[in-house]
There are 2 protein chains.
Amino acid sequence: MRAMARGSTREEILSAAAGLFAADGYKGTSLQDIAAAVGCSKATLLYHFATKEMILATLLAPPVRDLVTLTEQVAGRPAAEAQQQAIEGFVDLVLNYRREIALIFHDLAFLFNESSFADLRDLTDVLGAALAGGAKDPAALVKARVMMAGIALITVDPVEGVDVRAVLIDVARRALVQRA
Amino acid sequence: MRAMARGSTREEILSAAAGLFAADGYKGTSLQDIAAAVGCSKATLLYHFATKEMILATLLAPPVRDLVTLTEQVAGRPAAEAQQQAIEGFVDLVLNYRREIALIFHDLAFLFNESSFADLRDLTDVLGAALAGGAKDPAALVKARVMMAGIALITVDPVEGVDVRAVLIDVARRALVQRA
DNA sequence: GTCTATAGGATGATAGAC
DNA sequence: GTCTATCATCCTATAGAC
């Protein structure tokens, strides 16, 4: 047989890179790391992809494409309908591309896995339990985590003209507190 | 005067590092970058801090300390009371340490600022508007962003034994959809 | 298409003068 | 305490043989 049925080198590179980027982040992964995982040389990587960043761009192209599609679908619909569709569409998109999205947040994993900050996970688990309001089911814990992460992430890009504190508390209560 | 009243070199290093880590991430910031920002040599940095990681650890110590305090405070209280306190306490903690928390998520900023992915911000803005359900006020947009980020971040650390999709859709609806 | 070899530069950290 | 000079290592990317 001339070539292997599965996985041309190019696809093996993408697969290995996806795993390494998700585990160690983009900057935390070197061409050497990818080459070792694939079992080829760095030069081979750069034969198939012009630069390291092109590997990342190729990996992220499908989720970005789906995001474009989703935004097009919700555009111009009645607000309430668009909202429901945006919620379900975004959740599905995220679940379909877990690995690609996880690599965006690699520093989080880095921190949680560094020995010096190992307690962090325990701390957030305790806080998550409190946020779940005593509910012990996994669903409540997932919701608590979603809210912790979401609140933490608004720090990346501040918003003007709002009482951010009040808004964050409100959205967390809506999401987490049982209605009477 | 023997020494400057404000900012010993050590504190100038911490201040410069905080800004650079937040902007470019921990791995994306070199000792050289910090030294240039402070106006000293790399050797001076490493006189004050044993390693680069020690600079990060020093920076993160206060928020971690506050997180410990918060978890202690909610521990052993009635669930409903603990929940309210956890929500407010966590929001305040995040707002108090915006910069320190932002550095954890630097890859996000990296992606959004890379020219190849410049459209991403526009896309998420459109999706955020849809998630806000037609509401135009900044508060609704903040809530939409919180939910997008929170949902995206559950990919970092999957949960077992739940219908994740259903839970995510439920928490997003609770947080975002106006009640009748 | 894949390799070895290497260019050319940045990195974290150290040694030792002042 | 701060510096210059340097080490040893890593990095992305290229050149050229096969």
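Convention: sequence-line order gives letters A, B, ...; per-chain numbering from 1.
- Residue Ile34(B) contributes atom CD1, which lies 11 Å from atom P of dT11(C) at whole-angstrom precision.
- Regarding contacts with the backbone of dG1(D), a side-chain N or O of Tyr47(B) is found under 4.0 angstrom from either OP1 or OP2.
- Between the side chain of Ser15(A) and the main chain of Glu11(A), no donor-acceptor pair closer than 3.5 Å is present.
- Thr29(B) places a side-chain N or O within donor-acceptor distance of the main-chain N or O of Leu20(B), the cut-off being under 3.5 Å.
- For the OP1/OP2 pair of dG1(D) and a distance below 4.0 Å, the side-chain nitrogens and oxygens of Thr44(B) include no atom meeting the criterion.
- Tyr26(B) places a side-chain N or O within 3.5 Å of a backbone atom of Glu53(B) that can act as its donor or acceptor partner.
- Close to dT2(D), at under 4.0 Å from its OP1 or OP2, lies a side-chain N or O of Thr9(B).
- For the pair Phe49(A) CZ and dT2(C) P, the computed distance is 12 Å after rounding to whole Å.
- Of the possible donor and acceptor atoms, one in the side chain of Asp33(B) sits under 3.5 Å from a partner among the backbone N and O of Ser30(B).
- Atom CG of Leu45(A) is separated from atom P of dT4(C) by 13 Å (rounded to the nearest Å).
- Defined by atom type and a distance below 3.5 Å, a donor-acceptor pair is missing between the side-chain atoms of Arg173(A) and Gln83(B).
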Give the B/S/- string for nucleotides 5-18 of chain D, one per nucleotide from 5' to 3', where a protein heavy atom under 4.0 Å of the base yields B, of only the sugar-phosphate yields S, and otherwise -.
------SBBBB---
As a quick check of understanding, evaluate salt bridge (Lys or Arg N to Asp or Glu O under 4.0 Å) for Arg174(A) and Asp170(A), giving each step before the final call.
CA-CA 6 Å; Arg174(A) 280 168 166 273; Asp170(A) 178 52; 3.5 Å; yes
